[in-house]
Each structure stands twice: as C-alpha cells, then as structure tokens.
Amino acid sequence: MSITVTPTHPEFVAEISGVDLARPLQPADRDAIEDVINRYAIVVFHDQTLTDHQQIDFARHFGPIQSSAQKARHTAIKHRIASNDIADISNLDGDGNVLAPASKRRLDWLANRLWHTDASFRAVPGALSMLYAHVVPDEGGDTEFADLRAAYDALPDKTRKQLEGLIAEHSIWHSRGQLAVTTYTPEERASLPPVPQRVVRTHPGSGRKTLYVAAHASHIIGMPIADGRLLLMDLIEHATQRRFVHAHTWKQGDLVIWDNRCTMHRARPFDTTKVRDLRRVTTRDVASTLEQAA
Ligand code: OGA
Ligand code: MN
C-alpha cells in the first residue's frame, strides 16, 4: 500500500490517505508515517474503523505506551474503558452516561480546554498522542493545535537568548488549579509530583528547535514565581497567534496524531449534554527533556 500525503496548513499539519490502520502496519508504511509526523507534527487520517485494541496496536509501532494518568487520579470511580493504555477523552461516565456538570471527572477533564502538551507533568513526558473519534457532536468540540517550532523560529534573537537553559516546573495540579479545580486527595497529589522540563528543546525527528510550554508549566526554576509565570504566559500567547494555529473539526472515524514534543493543543467548547466520545493512546518520550538536547 502506498500512502498519499496532503499538507493542509502552510507550516504544519498533513492528511494521510491510502492506509487502513486496523490492518497490520507494513514497515514501509510505518516509516513513511513517521517521516510525515516528523515533518508536519500533526497528522490526520479519516474514515478509520478501530477497536481500542487496534488503536493500541497501531500506536505501539511508534514507541512504548504511556499508560493513562486517569486511573491513578480517579481511583474511587467506575471507568468505562478498562485498559490503562487508553485515555478516555469522552464526556461519559463509567456507565456511558453524560457526566453531570459538577462531577469530579468532568471538572478534571475541562483542563483539556487550556493550551497544553500531554503528560509534560511526568518526568518522562508524552511523545505522540493518537486521538480517535467514536462519536462527535454536530457542532463545536474542535481541537486546536499550535506549532511550537514555527513559534520558536519567529521569536526575536533577544528572547531566544533569554530562554537559553531555562527550566520550567510542570505539575498537573497547576493546570487544574488555574480552573480552581482543586479537590484532589493528598494521595492523588503525591502520585504526580512536579517535574522539571526544558523551555526550549530540539525536536529529535526534525532537528528543529522548539518551545516546550503548556498549561502544566507553573514557573521557571531559579526565578521569582511571578516573573517565570509571566514569561510562560507570554510564550503561550506568542505561540498561539492564529498564524501558528490549526483547528481540527472532528468527523467520526478520524484519527489524529500530534507530536507533543513540538506542539500544544486544546479542546474547544461544545454542548456537553451531547455525547463526545474520543479515546487517546499516547507514546512515551525516551527520557526527561533535561536528558535530551536543548
Ligand atoms: C487530549 C486532549 C483535546 C480534545 O486528548 O489529550 O487534550 O479536543 N484532547 O478532546
Ligand atoms: Mn491533551
């Protein structure tokens, strides 16, 4: 099978057609898809029909799976999807009903509306996320992506110098705290302590420098918290100018891959009384950003 690649944005984002992801992936297709990911960072496949296991098997071709944080964080509730390899990105409870407005899981999940990159709050963060659409609402619920390599390239020299060597502290509790979602137990908090990550890193697949910032980034280590936080806010504002952003409007059967090492993303609002059932598998980066090229 030979894949067809169609870029859909001047800087990043491409669609791939001509491959059925439910079937065993041929090595040549795997390598071709990896090249497209390295070049475009966001890759869209349409009209796929995948079980959870097929989605996991496909992801495994690109690295070890980062098991979901949700089950560690929500130990007391019933989960709809048993596998730790799938993150349930739906607005459904363990019985398949739409989550109540005040439910803890819904409030936790709302943090996906903030610009972020997956699992930067883990020492070894996320690499590739693969989100698959089972059910999507008629309106709203786009996912937006920002190109952090292009954003880095567009920074003034002076700012790039200023960022050299900086390390941010990332914590999942910081992103939740921004939305005043704070009802976590001491055990939950202790299970995901803050971690350091570089603010600028080299994206291994392209050799390009990229910003590495997110809603989980709280402050810069060694700087007064307020200064570091303002710097991170400025960087996120810079990186999310419309020229660096692409919005994906979901159709059932879409699988979107994004490279967390060089992009940010956020969910957009929709009528949350309607069902939106997306499921994500994420691969793990090779090491902390501190152990990778600056
Ligand atoms: C995610 C995520 C955004 C969305 O799956 O990591 O942030 O639009 N999803 O659901
Ligand atoms: Mn995410």
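In listed order, ligands and their atoms are each counted from 1. If you're wondering where the values come from, they're calculated on a predicted model, not measured in any experiment. Positions are given from 1 along the sequence.
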Under 3.5 Å, is there a donor-acceptor pair between the side chain of Glu164 and the main chain of Lys161? no
Heteroatom of Asp118 nearest to the Mn ion (ligand 2) (N, O or S, atom name): OD1
Between Arg80 and Asp277, does at least one N-O distance fall below 4.0 Å, as a salt bridge requires? yes
Other residues, nucleotides and ligands only: do more than 12 of their heavy atoms fall within 6.0 Å of CG on Asp35? yes
Quick one: are Asp93 and Ser103 in side-chain contact, heavy atoms under 4.5 Å? no
Any protein N or O within less than 3.5 Å of an N or O in ligand 1? List each pair with its distance, or say none.
unit_1: ligand 1; atom_1: 5 (O); unit_2: Arg280; atom_2: NE; d: 2.9
unit_1: ligand 1; atom_1: 6 (O); unit_2: Asp118; atom_2: OD1; d: 3.0
unit_1: ligand 1; atom_1: 6 (O); unit_2: Asp118; atom_2: OD2; d: 3.2
unit_1: ligand 1; atom_1: 6 (O); unit_2: His265; atom_2: NE2; d: 3.4
unit_1: ligand 1; atom_1: 6 (O); unit_2: Arg280; atom_2: NE; d: 2.8
unit_1: ligand 1; atom_1: 6 (O); unit_2: Arg280; atom_2: NH2; d: 3.3
unit_1: ligand 1; atom_1: 7 (O); unit_2: His116; atom_2: NE2; d: 3.1
unit_1: ligand 1; atom_1: 7 (O); unit_2: His265; atom_2: NE2; d: 3.1
unit_1: ligand 1; atom_1: 8 (O); unit_2: Thr143; atom_2: OG1; d: 2.6
unit_1: ligand 1; atom_1: 8 (O); unit_2: Arg276; atom_2: NH2; d: 2.8
unit_1: ligand 1; atom_1: 10 (O); unit_2: Arg276; atom_2: NH1; d: 2.8
unit_1: ligand 1; atom_1: 10 (O); unit_2: Arg276; atom_2: NH2; d: 3.4

Can you confirm whether Cys262 sits close enough to Arg208 that some side-chain heavy atom of one is under 4.5 Å from a side-chain heavy atom of the other? no
Taking the Mn ion (ligand 2) as the vertex, what is the angle from NE2 of His116 to NE2 of His265, given to 10 degrees? 90°
Under the 6.0 Å and 45° cation-pi test, does Arg261 pair with Tyr212? no
Is the Tyr40 to His9 ring centre distance short of 6.0 Å? no
